Amino acid sequence: MSSLQTLLAPPLSISFSSSNSKPRYSPLESLETCSSMAQLKQNHAHLTKLGLSSDNDAMGRLIKFCALSNDGDLDYALHLFDTLPHPDAFIYNTLIRGYLLRKQAADCIVLYLRMLQDSVLPNKFTFPCLIRACSVDGAVEEGAQIHAHVFKFGFANDGFCLNNLIHMYVNFKALENARKVFDKMPRRDVVSWTTLISGYAQLGLVDAAFEVFERMPERNSVSWNAMIAAYVQSNRFHEAFALFNRMRAENLALDKFVAASMLSACTGLGALEQGEWIHKYIRNKGIELDPKLATTIIDMYCKCGCLEKAYQTFKGLTYKSISSWNCMIGGFAMHGKGEAAISIFKDMEKQGIVPDNITFVNILSACSHSGLVEEGRYYFQYMTRVHGIEPMMEHYGCMVDLLGRAGLLDEAKKLIDQMPMTPDVGVLGALFGACRIHGNIELGEQVGKRVIELEPNNSGRYVLLANLYVKAGRYEDMANVRRMMNERGVKKVPGFSVIELEGEVNKFIAGGRDHPESKEIYAKLDEMLGRIRALGYVPCSAEGVVEELDEEEEKENPLNYHSEKLAIAFGLLKTKAGDTFRITKNLRVCRDCHHASKLISKVFDREIVVRDRNRFHRFKDGECSCKDYW
């Protein structure tokens, strides 16, 4: 009988010295309950006394605890490894896993080379960790060599190895190689299909991802979420909703990952009713509300124009992560409630939550949207003085926006000149926009030309400069800007507005007549415009600015047919006096629609909440929550 068999024989495993004594377990058995390195070292000493210091089974158990346990010590595992004359594949695999857990990917490969040099044959458990190590480390050449070894050592049909290879090539953005592995697999499981779908999605090849999705013989919630997330990340929210509805029709339960993806889709479209349904489903089904999902819910309510429910959800959290605090502060910021944002920030500090750089981006943004100049100056200094956070590009952008909106253009320019880094297009764009607001032609022209060169394909930059020239009566320069746009092939982004009513999302473009209720919508639009004209409404084009380019909607469509006005007309058709409806735009609200919306809210007794690309406007009783500070 070997020494190890002797150790495990019943007489040594458990013995009783008296009727009152407790059972005494062998060292190998006690390793199963080992919880500390001190305890492990005691067992190591005992095994050494028993002559098992070179036994792979005994030492392998010690190495496993040291390498893989949270309470282990990888260096001690390596020390034990070096004392073994002939370590086996299990021990090599354990140490490779240990290196991988500690993100020491290169050491995984080095240890594998030693394994081969010692003539220890790898097995099916060796390669998945090695493949993941190559993936983590971006080791493309080594990854290809490991791929070859998978075949060389006879694991060409091992699904676990092959799935890891697909994942590795996806990480390398080598989809052609990933597809080759996938196509040659004798048996594909859900992981194989889903990994390939995610790979196409990561490279923006959403249609190719959908083709793979449609070919799947069976799907689970991970597969559905991969495809839904692909649509959401590509801003194809309507397709995400269509797929989500298919999923529900197949009676598949939502998990927290699908819920998070769909909440992001609701956020993108401003689909509050759908978002509320998903939130209710999460509560009713007891889905774990982890910090990420909680933040996604708060963000959805904030960006769907329901700040009250966002705050209610935030207050109801038993644990508030830094991301939840930041989201709530950012929500108040985009709604123009700077004082409330600052109040939340003070509560955050009282509870001992340390703010990060995102916190201060949101605080400074809140100050900018609310015109809180002194508070903005204070927190810009406070973040460094108290929390040691040096201003980043985003912080400078917020400060320039704050000072510029307030008409402090010289101070904004001075701040840019003092920046420790070269200002990006966001910082310069904030100053450029302020020049347009306050009519500073000279500075605006100077900054505008720099912005266009930094962002030559952004139509909005050309439009802003052209309109600056219009205000100065420099029509030839305005024409030159338009000519430059045409020569460079720069196209204006088409404006659209989205409104969700009765659980359905409706999209409108300027002058569009594709909606099934188009006739009724245009009739309501004519009525709407007629009634606000009685209050003195005059379209902006009749106020002497007809020559201006229109950034927000295509110029070919009259102001009366802007997408926002069509969405409002539809909202009036579907609601009654005293109701609220919400609209989401992909561009900034134009001056004419802003002025008209205030009057419409008064004449038709509606609350109209509009989210444009910068902020929220809440129109009620003839006023806007932005107080015309936008």
Side-chain angles (χ1 to χ4, degrees), residues 232 237 240-241 244 259-284 289 292-317 320 323-341 343-344 362 365-366 369-370 497-507 564 567-568 570-572 574-586 589 597 601 605-621 623-626 630:
V232 172
F237 303 118
F241 271 104
F244 176 61
S261 293
M262 283 311 303
L263 286 166
S264 296
C266 294
T267 301
L269 284 180
L272 177 62
E273 291 178 41
Q274 295 269 16
E276 287 178 316
W277 183 90
I278 295 169
H279 186 196
K280 184 179 179 181
Y281 183 96
I282 291 168
R283 286 198 307 266
N284 292 344
L289 199 64
K292 182 178 179 181
L293 185 56
T295 302
T296 306
I297 293 169
I298 295 167
D299 189 53
M300 180 274 296
Y301 280 126
C302 286
K303 291 178 180 174
C304 286
C306 196
L307 196 57
E308 300 81 4
K309 286 196 174 181
Y311 187 61
Q312 181 184 348
T313 303
F314 172 78
K315 291 290 286 183
L317 295 177
K320 298 179 180 70
S323 59
S324 299
W325 285 97
N326 286 346
C327 186
M328 197 64 249
I329 293 169
F332 280 120
M334 72 177 72
H335 282 265
K337 296 185 178 293
E339 293 87 352
S343 176
I344 287 283
N362 290 344
S365 176
H369 284 309
S370 300
S497 297
V498 172
I499 179 171
E500 183 202 30
L501 286 170
E502 300 172 353
E504 289 191 16
V505 176
N506 298 267
K507 181 178 178 180
E564 184 186 338
I568 290 175
F570 181 71
L572 294 177
K574 299 296 181 179
T575 60
K576 61 183 184 301
D579 284 350
T580 300
F581 57 86
R582 296 168 172 83
I583 294 169
T584 299
K585 288 181 60 68
N586 67 325
V589 173
S597 297
S601 71
D605 187 21
R606 303 289 201 281
E607 183 177 20
I608 306 169
V609 182
V610 177
R611 181 182 109 199
D612 71 9
R613 73 177 178 202
N614 292 330
R615 61 167 299 156
F616 273 89
H617 301 267
R618 190 178 293 265
F619 301 99
K620 188 174 182 180
D621 299 326
E623 301 291 335
C624 179
S625 59
C626 74
W630 60 287

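Predicted model only: the values in this text are computed from it and were never measured.
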Is there a donor-acceptor contact under 3.5 Å from the side chain of [X] to the main chain of [Y]?
| X | Y | value |
| --- | --- | --- |
| Arg613 | Lys585 | no |
| Thr296 | Ala260 | no |
| Asn362 | Ile329 | no |

Rounded to the nearest 0.5 Å, how far apart are [atom1] of [X] and [atom2] of [Y]?
| X | Y | atom1 | atom2 | result |
| --- | --- | --- | --- | --- |
| His279 | Asn284 | NE2 | CG | 10.0 Å |
| Met262 | Trp277 | CE | CH2 | 9.5 Å |
| Ile297 | Leu317 | CD1 | CG | 8.0 Å |
| His617 | Arg611 | NE2 | CZ | 12.0 Å |
| Glu564 | Ser597 | CD | OG | 4.0 Å |
| Tyr301 | Cys327 | OH | SG | 13.0 Å |

For [X], check salt bridge (Lys or Arg N to Asp or Glu O under 4.0 Å) against everything at least two apart and list the hits.
| X | value |
| --- | --- |
| Asp605 | none |
| Glu504 | none |
| Lys576 | Asp579 |

Only counting residues at least two apart or in another chain, list the ones meeting side chain to side chain contact (heavy atoms under 4.5 Å, CB included) with Ala567. Ser497, Ile499, Phe508, Ile583

List the residues meeting side chain to side chain contact (heavy atoms under 4.5 Å, CB included) with Glu339, not counting sequence neighbours, and say none if there are none.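 Leu372.
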
Please report the shortest heavy-atom distance between [X] and [Y], naming the atom on each side.
| X | Y | value |
| --- | --- | --- |
| Gly338 | Ser370 | N-OG, 2.9 Å |
| Cys266 | Gly275 | SG-N, 3.5 Å |
| Asp612 | Asn614 | OD1-N, 2.8 Å |
| Ala341 | Ala333 | CB-N, 4.5 Å |

Residue list, side chain to side chain donor-acceptor pair (under 3.5 Å) with [X], at least two apart or on another chain:
| X | value |
| --- | --- |
| Lys574 | Glu517 |
| Glu276 | Lys309 |
| Asp299 | Lys303 |
| Arg606 | Thr575 |

His335: what forms a ring pair (Phe, Tyr, Trp, His ring centres under 6.0 Å) with it, not counting sequence neighbours?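 Once residues adjacent in sequence are excluded, the partners of His335 under the ring pair (Phe, Tyr, Trp, His ring centres under 6.0 Å) criterion are Phe616.
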
Test of understanding: with ring pair (Phe, Tyr, Trp, His ring centres under 6.0 Å), list the residues that count as partners of Phe237, not counting sequence neighbours. none

Any Leu263 side-chain heavy atom under 4.5 Å of Ile282 side chain: yes

If you draw a 6.0 Å radius around NZ in Lys337, do more than 12 non-hydrogen atoms from other residues or ligands fall strictly inside?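 At most 12 heavy atoms, drawn from other residues, nucleotides or ligands, come within 6.0 Å of this atom.
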
Given side-chain contact (heavy atoms from CB on, under 4.5 Å), test Glu607 with Phe619 step by step and report yes or no. CA-CA 6 Å; Glu607 183 177 20; Phe619 301 99; over 6 Å; no

Please determine whether a side-chain nitrogen of the Lys or Arg among Glu500 and Arg582 lies less than 4.0 Å from a carboxylate oxygen of the Asp or Glu. no

With side-chain hydrogen bond (donor to acceptor under 3.5 Å, both in side chains) as the rule and sequence neighbours excluded, what pairs involving residues 260-271 come up? Asn225-Ser261

Test side-chain contact (heavy atoms from CB on, under 4.5 Å) on Phe581 and Val609 and set out the steps. CA-CA 6 Å; Phe581 57 86; Val609 182; over 6 Å; no

